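Everything on this sheet refers to the single structure shown next.
Start at 1 and go down the list; that is how both ligands and their atoms are numbered. Only a predicted model underlies this, so the values are computations on that prediction, with no experimental measurement involved.
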Amino acid sequence: MARNERHTSPASLDPVDWATHRRVAHEALDLALDYQRRIADGPAWRPMPPEIEERFETSLPREGEGIEAAFREFRETVLPYVLGNPHPRFWGWVPGQGSPGGVIGKLLAAGVNPVAGPFNDSSARVEAQVIQWLREAVGMPEGTGGVLTSGGSVANLVGLAVGRDAVAEADVPADGLTVEGRRLAVYASEAVHSSVKKSLQILGMGRGALRSVPVDDDHRIRVDVLEEMLAEDGRDGSDRKPAIVVGSAGTVDTGAFDDFEALADVAEREGLWLHVDGAFGALAALAPGLRHLVAGMERADSLAFDAHKWMSAPYDVGVVLVRDREAHRKTFTVEASYLDPLPRGTGASPESTDRLGPQLSRGFRALSLWMSIREHGIRRFGEVVESCVRQARYLASLVREHPELELAAPVPLCVVCFRYAAGLPPEEANAVNREILMRLQEEGVAVPSSTVLDGRFVLRVANTNHRSRREDFDLLVEETVRLGRAVVREIGTSASLGSEP
Ligand SMILES: *Cc1c(COP(=O)(O)O)cnc(C)c1O
């Protein structure tokens, strides 16, 4: 033992034998990198067999079995059955794949493990820098601040909380929500993400605060109907007080973009807070050829988006940017003597992140993102976005050209909704496509997800996948048709297909 090496306390979590940890750590790192490198060789998803499920029901370990045994258990029971979203044919929901550089950032973040909170350390500088880099990347004005969150849901929650407080002519954090007996109203298109509704619930505004505005044929908010609703709700004697307009940059169903210039004009005129949910679509701002889709987005008061989706930062990390930093701090500042910043020392933080969101102690989420932006440069992320959109259009063209397939919505960005139609009556088509989807997944071919558009159950491919290639979409189309024909044949011979929910 080196002269200055401290003895490990018997109650410490440090190993007595560091050599074993070092060996396992190197193996683990190789495994993580090889997983990403070779993932295309395996299935896009693998269901867990019952004998493995049972191994997750063993009782609390009283005594330790050592890091090697824990690692072995991971390799046998966890590794083969993780979701698989790093796979090139995983397009369900809105997936991020991660990247080898992200693995390194995450490893280092866990290694140095700072409390990314209201402290005077480098992790706070890294986060502040990432926020400003991303602000510039998505085109928000200088002076705008922000904070990293666990994802788009919490980013939406933060933006809406600040908006609620900024618009209510009352001290909402202290006094609650009643504003002269009128209920605060929030306006968003029918296609707005469920996390916005959940936020209203959490914020005490209630899902009933939401005024759901219809969409046009391109799934964009009907600004004319929005204006009618505002006129109605703004009248004397109305029990609603218009407060927030939520725009969507890339709706989850179809990837549609609202008209942000029009929404910003309305919000400005009516004194409303404009929040934009741009979970994946905000990143269209990174691609010069797609920037027109987000024109006016920079006029938002708050903008939420994800880094773990289209930027493939390792889960979980989202971003919220808020133009009015004072308003942002006001909503989340709670005085506590044990957190009072001092002018110098460990507590003299450059920005108290606990005053920008619900969390006090936070992980060092910023590091892998910071390293990844350095590794690739922001331009590469724009190229990923552009390439994914080109591939989505390619898939849409394959679908249009195939006589048995039907494109179910326009493809403004990276989401393609389609289905196996082949002249089937609507009810039967729904059942057939549900069965096709489950088989695509169970056979490990690909993982699209689904949605329902105008009562039609459709397969939904959200291509935010930097590993996808054109041939992956060729395969998807071939296999969808193969399975569609097989399912239709089976229905012909037996009526035992999964029933409608
Ligand atoms: C994914 C998504 C969200 C929620 O973000 P999470 O990171 O999953 O919490 C919100 N809005 C849209 C449009 C999304 O696609």
Hey, what do you get for CG (L283) to CD (E386), rounding to the nearest 0.5 Å?
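Here the interatomic distance stands at 13.0 Å.
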Regarding R374 and the six-membered ring of W370, is the cationic atom NZ or CZ under 6.0 Å from the ring centre and inside 45° of its axis?
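Judged by the rule, R374 and W370 form a cation-pi pair.
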Start with the C-alpha gap between I244 and L272, add the side-chain angles, then the distance that decides, and say whether side-chain contact (heavy atoms from CB on, under 4.5 Å) holds.
CA-CA 5 Å; I244 300 175; L272 308 176; over 6 Å; no
The criterion is ring-ring contact (aromatic ring centres under 6.0 Å, His included); which residues satisfy it with W310, sequence neighbours excluded?
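If we apply the ring-ring contact (aromatic ring centres under 6.0 Å, His included) test to W310, skipping adjacent residues, there are no hits.
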Residue pairs fulfilling side-chain hydrogen bond (donor to acceptor under 3.5 Å, both in side chains) with at least one residue in residues 80-90, sequence neighbours excluded
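Listed once each, the pairs are R89-D472.
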Please list all pairs meeting side-chain hydrogen bond (donor to acceptor under 3.5 Å, both in side chains) that have one or both residues in residues 97-119, counting only residues at least two apart or in different chains.
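Found Q97-S312.
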For ligand 1, which of its N or O atoms have a protein N or O partner closer than 3.5 Å, and how long is each gap?
{"unit_1": "ligand 1", "atom_1": "5 (O)", "unit_2": "G152", "atom_2": "N", "d": "3.3"}
{"unit_1": "ligand 1", "atom_1": "5 (O)", "unit_2": "S153", "atom_2": "N", "d": "3.4"}
{"unit_1": "ligand 1", "atom_1": "5 (O)", "unit_2": "D306", "atom_2": "OD2", "d": "3.2"}
{"unit_1": "ligand 1", "atom_1": "7 (O)", "unit_2": "G152", "atom_2": "N", "d": "2.8"}
{"unit_1": "ligand 1", "atom_1": "7 (O)", "unit_2": "D306", "atom_2": "OD1", "d": "2.9"}
{"unit_1": "ligand 1", "atom_1": "7 (O)", "unit_2": "D306", "atom_2": "OD2", "d": "2.8"}
{"unit_1": "ligand 1", "atom_1": "7 (O)", "unit_2": "H308", "atom_2": "NE2", "d": "2.8"}
{"unit_1": "ligand 1", "atom_1": "9 (O)", "unit_2": "G152", "atom_2": "N", "d": "3.3"}
{"unit_1": "ligand 1", "atom_1": "9 (O)", "unit_2": "S153", "atom_2": "N", "d": "2.8"}
{"unit_1": "ligand 1", "atom_1": "9 (O)", "unit_2": "S153", "atom_2": "OG", "d": "2.6"}
{"unit_1": "ligand 1", "atom_1": "11 (N)", "unit_2": "D277", "atom_2": "OD1", "d": "3.3"}
{"unit_1": "ligand 1", "atom_1": "11 (N)", "unit_2": "D277", "atom_2": "OD2", "d": "2.6"}
{"unit_1": "ligand 1", "atom_1": "15 (O)", "unit_2": "K309", "atom_2": "NZ", "d": "2.9"}

